[in-house]
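See below for the structure under consideration.
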Amino acid sequence: MGASQLPLDQFFETHEPRKKKEKPIKKEEEIIKTEKINDVEVKAPLTAENAAYLLSVEYNGKKGCAAARFYNPRDHLIHFWYDNSEHHPYCFSNIPIEELKKNTKITGHRGFLDIQTAEKQDLLQDRTTQMTKIIAKDPLSIGGTTGAIRELLPAAWEANIPYHKCYIADLELTPGLLYEVTDERLKNVTTVPEKIKDEISRLFEEEPNEVKELLVEGLPLFLSPIPDIKRAAIDIEVISPFVDAIPRPEQANFPVGCISIVASDGTKRILLLDNKDFERGEIQENLEGVSIEYFNEEKELIREIFQVFDEFPVILTYNGDKFDLLYLYNRALNHLGFRRDEIPIIIRKDFVALVRNFHVDLYRFFNNRAVQIYAFSAKYKTTDLNAVTKALLGIEKIKVEQPLSKLPLLDLASYCYRDGEITLDLTRYSQNLVWKLIMLLMRISHLPLEDVTRQGVSSWIQNLFYYEHRKKGFLIPRPEDIKEAKGEEASTQAIIKGKKYKGAIVIDPVPGVHFDVVVLDFASLYPSIIKVHNLSYETVRCPHEECKQNIIPDTDHWVCKKQRGLAGLIIGFLRDIRLKWFKPQSKNRILGKETQELFYVVQQALKLIINAFYGVFGAEHFPLYCLPVAESTTALGRHIITQTIEKAKNMGISVIYGDTDSVFLENPSESQIEDLKRWCQETLEIDLDIDKVYRYVALSERKKNYLGVYGSGSVDIKGLTGKKRHTPLFLQDAFFEMMDVLSEVKVQDDFETARNRIRTIVKTCLDKLKNLEYSLEELAFRVQMTRHLKSYQKTTPQHVKAARLLERDVEPGSIISFVKIKGEPGVKPIEIASIDEIDTEKYKNAVESTFVQVLDALNIDFGSIIGIRRLDLFM
DNA sequence: GCGGACTGCTTACCT
DNA sequence: ACAGGTAAGCAGTCCGCG
């Protein structure tokens with residue numbers, strides 16, 4: 001297959017002219033130096049029989065070159081490979097080479113190596129341009145130190161790309177794929193089953209060559225087997241005398257009392273500091289089959305865990321970057337007298353790494369908003385370990401009644417073990433779904449393992465773009481180049497104050513109950529728009545006079561008719577291969593469970609990237625930020641939904657609601673649906689699909705707020721207060737009781753009985769409230785503190801008021817549980833409130849407004865439901 | 001001095 | 001550290017009120 005003849009040499013000839021073998025060929029040992037972990041170096045070349053998966057590239061300062069790390073699935077070890085292609089860091093200047101050669105500051109720079117001319121394609125101007133390539137001995141000489149080469153130039157291109165990413169792009173490497181070394185070169189040896197390759201290729205027969213090239217490049221990423229890399233989760237507990245304060249990893253003042261190690265090879269260990277002041281307690285149920293090892297000295301315990309780090313190619317933690325590994329490092333170095341070289345941990349700028357293998361902090365991965373929303377449909381709302389495992393695995397952390405530092409040793413061990421176990425399981429459940437997802441995202445973004453799990457979607461997409469630029473010989477524009485070429489003015493005005501441009505539209509709902517509602521939506525609307533309308537930073541407001549007539553509706557922007565835009569090309573390909581192959585085939589039983597599962601994860605990974613594409617063009621910190629692209633995308637989106645609604649109305653269909661990319665149709669006939677779909681396909685070139693069919697939908701006049709009941713009786717609740725996570729539990733419960741009632745409604749007449757049952761629910765709820773039969777926990781509003789307590793300067797929201805009454809540190813992200821009380825200050829955290837302080841009047845209002853949202857839609861008056869007299873009585 | 005109208009801040013949600 | 005749009009509740013401000 002194509003990828004097995006990776007055109008490295010060809011690449012170097014066209015884009016990377018290299019001095020022809022002036023240097024003596026290195027001896028094999030030097031070229032293929034692999035290291036067995038534990039510092040025992042062995043020669044284990046990456047041969048065809050010994051091929052290994054590329055996991056990362058980094059710059060090795062000692063050796064002065066790029067170092068790649070591979071996972072060998074046979075010995076489960078990490079192997080190192082050092083660059084032998086004489087690749088060096090570089091950047092570009094637009095100053096002619098002769099002139100630059102005279103600049104002695106540059107040619108005399110201590111890191112200066114060479115200077116060359118380079119022909120590059122300038123996409124913004126749509127022309128080729130002569131650039132001067134300045135090559136340096138080390139990355140810091142290009143940038144990152146004072147007086148670096150990029151600072152000596154009036155303007156430098158491609159000077160801000162971290163060297164390891166640069167190396168990956170230039171050698172066209174794909175982390176996550178299988179490599180061997182032949183003829184002293186890294187060679188991708190991934191193979192794709194011929195049959196599948198042929199079938200997919202057929203689907204792309206009509207596509208232009210550029211797309212076919214992407215296909216050849218892309219298929220191995222999606223189809224090659226994903227290694228189930230041996231990995232261990234670790235979790236540490238610190239014995240602190242302070243009950244409420246979480247130990248500070250920077251200080252690491254208290255001993256590490258317990259460490260759990262739970263690994264994919266079946267390893268189950270607990271390392272315990274045998275503290276004689278502590279009660280031992282009894283062995284817990286979940287510790288069966290776990291090896292519990294006692295240490296008299298903390299130093300020995302730490303030494304043991306450092307040893308363990310070397311036994312596994314990948315160490316998993318949950319928040320290890322900010323806590324566990326940082327704590328271990330500082331504890332070992334500053335309190336236990338370890339030498340730096342005895343600690344296998346490196347504190348890097350943005351994360352904590354391991355010297356010889358990999359540290360994956362799952363907290364950072366699950367905290368990624370795109371992962372949370374697109375991969376896991378926002379099943380977890382907060383990203384603490386408990387919330388995530390509860391949502392994904394159905395398992396929770398062990399609940400403890402007393403502070404951790406007061407627990408008997410074996411209870412602590414049990415608690416710690418569970419944390420390790422669920423951390424590992426997060427990567428293992430559903431046939432390693434999360435692990436496979438990570439590996440696929442690595443391949444698609446071409447980012448190393450440690451980067452892809454920590455960086456956001458903008459960085460994934462940035463790297464994917466840069467990779468394609470380098471591969472095609474396109475000059476990567478600087479942010480200011482894009483700004484200058486496109487202007488900074490938006491041509492639309494946002495509805496929300498402080499936003500940069502206008503977004504989607506939401507159709508005013510037609511209030512009331514509507515039976516037999518069909519919801520149609522445009523499949524990945526924004527990605528489709530970007531593809532179909534050729535939107536990209538270089539094509540929107542392109543330099544050609546003749547394209548200026550090609551206006552995007554509702555804006556002053558135009559789009560290129562001459563060149564295919566890179567964004568549209570890439571996203572179009574990713575979208576098409578997902579829709580045409582992976583999504584349908586993931587449901588194809590004939591392929592067998594394993595393949596189906598792989599395809600499911602692939603389409604999930606693609607969805608993640610695809611959905612984020614539009615957003616990054618509107619994000620100022622994205623290096624290819626281009627407001628006109630984002631603005632054109634939403635403008636076309638508005639145009640498309642508006643046209644569709646117009647058409648539907650002309651066809652006599654009643655459109656009762658719509659939001660961004662969806663239209664709610666009341667009781668349309670099948671032929672009407674078909675006609676509308678065909679019209680969209682033919683006129684707008686975007687596919688309109690049936691998303692869901694409701695038995696009935698209840699709409700109020702509020703947007704983004706509705707209730708739909710499916711034929712099966714299950715209820716879809718959108719935006720209603722009763723479902724929001726800060727709503728007190730007693731109210732959520734009453735609300736869901738009402739939902740149960742509504743799910744049984746089949747025809748209009750059923751609302752009569754429903755109404756009576758709802759009346760009972762509301763009355764019971766209000767009665768229990770009046771008699772204070774609810775607990776403080778049930779009455780608590782649970783609101784997240786998104787920032788540090790002191791940062792609330794402008795106003796003091798209630799949850800902040802409550803948090804301040806706690807008189808302790810409250811970490812950003814934590815949930816404050818508070819109740820509303822009579823008199824000042826109006827709220828109290830449940831920790832210090834008592835039931836007789838409750839302000840029932842305020843709660844009554846909350847009950848009313850929650851129910852009113854639904855009753856409004858059913859055209860039922862809240863007063864009538866509980867009876868006006870009751871309301872008076874209540875007060 | 002106080003309440004209503006208004007704006008702004010904050011959170012949680014929708015697409 | 002991907003976007004904008006909407007709802008709700010409260011905090012804070014301004015204005016009128018002989």
Side-chain angles (χ1 to χ4, degrees), chain A residues 350 364 367-374 377-378 381-382 454-462 490 492-509 519 521-522 524-527 530 608-627 629-631 633-635 637-638 641 657-663 691 700-706 716-727 781-787 791-801 813 815-816 820 825-827 842 845-846 848-850 852-853 856:
Chain A
D350 320 305
R364 302 203 49 182
N367 203 31
N368 182 320
R369 257 181 63 87
V371 170
Q372 185 177 353
I373 294 168
Y374 299 124
S377 328
K381 311 275 173 189
T382 54
R454 288 176 175 84
Q455 295 171 3
V457 273
S458 68
S459 157
W460 303 350
I461 292 172
Q462 176 193 340
T492 57
Q493 203 185 345
I495 289 173
I496 307 171
K497 226 176 171 179
K499 300 287 186 188
K500 301 183 292 274
Y501 60 93
K502 194 180 231 151
I505 40 176
V506 188
I507 309 302
D508 275 321
V519 181
D521 76 349
F522 292 102
S524 7
L525 179 64
Y526 288 171
I530 292 172
L608 219 68
I609 304 248
I610 290 164
N611 278 320
F613 238 82
Y614 143 73
V616 296
F617 277 111
E620 274 156 299
H621 64 83
F622 181 59
L624 300 173
Y625 167 64
C626 186
L627 194 143
V629 170
E631 192 174 30
T633 310
T634 56
R638 292 192 300 275
I641 190 173
Y657 180 58
D659 185 349
T660 313
D661 61 355
S662 66
V663 284
D691 182 26
S700 66
E701 75 290 347
R702 298 168 190 80
K703 296 170 173 181
K704 299 186 186 285
N705 238 275
Y706 63 86
D716 227 6
I717 301 159
K718 298 291 179 186
L720 302 177
T721 303
K723 197 181 91 163
K724 295 197 175 181
R725 75 152 188 260
H726 70 265
T727 302
F781 288 85
R782 300 167 337 267
V783 178
Q784 184 172 34
M785 288 246 319
T786 58
R787 318 196 299 253
S791 77
Y792 293 87
Q793 299 283 336
K794 290 173 178 152
T795 57
T796 310
Q798 297 200 316
H799 65 294
V800 175
K801 213 174 273 178
I815 306 278
I816 309 297
K820 306 202 177 193
V827 292
K842 291 216 188 84
N845 291 337
E848 176 166 356
S849 63
T850 302
V852 157
Q853 283 185 341
D856 256 10

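In what follows, chains are A, B, ... by sequence order, proteins preceding strands, each numbered from 1.
- Using a 4.0 Å cut-off, some side-chain N or O of A:Ser458 falls inside it from OP1 or OP2 of C:dC2.
- Spacing between atom CE of A:Met785 and atom P of B:dC9 amounts to 18 Å, rounded to whole angstrom units.
- Using a 4.0 Å cut-off, some side-chain N or O of A:Arg702 falls inside it from OP1 or OP2 of C:dA8.
- Taking 4.0 angstrom as the limit, A:Lys704 places none of its side-chain polar atoms (N or O) nearer than this to OP1 or OP2 of B:dC13.
- Counting any heavy atom pair closer than 4.0 Å across all strands shown, A:Ala612 reaches a base atom.
- Residue-to-nucleotide proximity on DNA chain B shows that, of A:Asp661 and A:Lys497, the 5′-proximal contact is made by A:Lys497.
- Distance alone, capped at 3.5 Å, places no donor-acceptor pair between the A:Arg702 side chain and the A:Gly719 backbone.
- Each of C:dA7, C:dG4, B:dC13 was ranked by its minimum atom distance to the side chain of A:Lys381; first place goes to B:dC13.
- Residue contacts for A:Gly615: at a heavy-atom cut-off of 4.0 Å it reaches a base atom on one of the strands shown.
- No contact: A:Thr633 has no heavy atom under 4.0 Å from any strand.
- Looking at heavy-atom distances under 4.0 Å, A:Tyr374 makes contact with a base.
- A:Tyr501 comes within 4.0 angstrom of sugar-phosphate atoms only, judged by non-hydrogen atoms across all strands, and of no base.
- Using a 4.0 Å heavy-atom criterion, one finds that A:Tyr792 contacts the sugar-phosphate atoms exclusively.
- For the atom pair CD1 (A:Ile816) and NE2 (A:His726), the distance works out to 14.5 Å, reported to the nearest 0.5 Å.
- Comparing A:Lys794 and A:Gln784 by the nucleotide of DNA chain B that holds the closest heavy atom to each, the one mapping nearer the 5' end is A:Lys794.
- Note that CD of A:Gln784 and OG1 of A:Thr382 are 6.5 Å apart. Values are rounded to the nearest 0.5 Å.
- In this structure, A:Tyr526 has its ring center at least 6.0 angstrom away from the ring center of A:Phe613.
- Mapping A:Gln853 and A:Pro825 onto DNA chain C by nearest heavy atom places A:Gln853 at the nucleotide closer to the 5' end.
- Put simply, NZ on A:Lys500 is 14 Å from C1' on C:dG5, counting in whole angstrom units.
- Comparing B:dT15, C:dG12, B:dC14 against the side chain of A:Thr795 picks out C:dG12 as the nearest.
- Comparing atom distances between the A:Tyr706 side chain and each of C:dG9, C:dG5, B:dT15 picks out B:dT15 as nearest.
- Counting only heavy atoms from C-beta on, A:Lys502 has its side chain closest to C:dG5 among B:dC13, C:dG5, C:dA3.
- Residue-level contact check: A:Lys801 touches the backbone only, with heavy atoms under 4.0 Å from sugar-phosphate atoms and none from bases.
- Distance from the side chain of A:Thr796 is smallest for C:dG12 among the nucleotides C:dA7, C:dG12, C:dG4.
- Rounded to whole Å, atom P of C:dG4 lies 15 Å from atom CZ of A:Phe617.
- Contacts of A:Arg787 with the nucleic acid, taken as non-hydrogen atoms under 4.0 Å apart, involve only primed sugar atoms and P, OP1 or OP2.
- Between A:His799 and B:dT10 there is no side-chain N or O to OP1 or OP2 distance below 4.0 Å.
- Between C:dT6 and A:Lys724, no contact under 4.0 Å exists linking OP1 or OP2 to a side-chain N or O.
- Summarising the local packing, CZ of A:Arg782 is surrounded by more than 12 heavy atoms from other residues, nucleotides or ligands at distances under 6.0 Å.
- Atoms CD (A:Gln798) and P (B:dT11) sit 13 Å apart, rounded to a whole Å.
- Atoms CD1 and OH, from A:Ile496 and A:Tyr501 in turn, are 11.0 Å apart once rounded to the nearest 0.5 Å.
- We find that A:Asp659 and A:Lys704 are joined by a salt bridge, their nearest charged nitrogen and carboxylate oxygen being less than 4.0 Å apart.
- Mapped onto DNA chain C by nearest heavy atom, A:Val616 and A:Ala494 fall at different nucleotides, with A:Val616 at the one closer to the 5' end.
- Residue A:Asp659 places its side chain closer to B:dC14 than to any other of B:dA12, B:dC14, C:dC10.
- For A:Ile496, whose side chain is taken as the heavy atoms from C-beta onward, the closest listed nucleotide among C:dA3, C:dC10, C:dT6 is C:dT6.
- Taking atom CG of residue A:Asn611 and atom P of nucleotide C:dG4, one finds them 17 Å apart after rounding to whole Å.
- Summarising the geometry, atom NZ belonging to A:Lys724 is positioned 13.0 Å from atom CD1 belonging to A:Ile717; distances are rounded to the nearest 0.5 Å.
- C:dC2 atom P lies 15 Å from atom CG of A:Leu624, rounded to whole Å.
- The separation between A:Ile495 atom CD1 and C:dA3 atom C1' is 14 Å, rounded to whole Å.
- Backbone-only contact: A:Arg725 has heavy atoms under 4.0 Å from sugar-phosphate atoms and none from a base.
- Residue contacts shown for A:Thr634 are absent, as no nucleic acid heavy atom lies under 4.0 Å away.
- Whole-Å rounding puts the A:Lys842 NZ to C:dC10 P distance at 8 Å.
- Closest to the side chain of A:Lys718, from the set B:dT15, C:dA1, B:dT10, is B:dT15.
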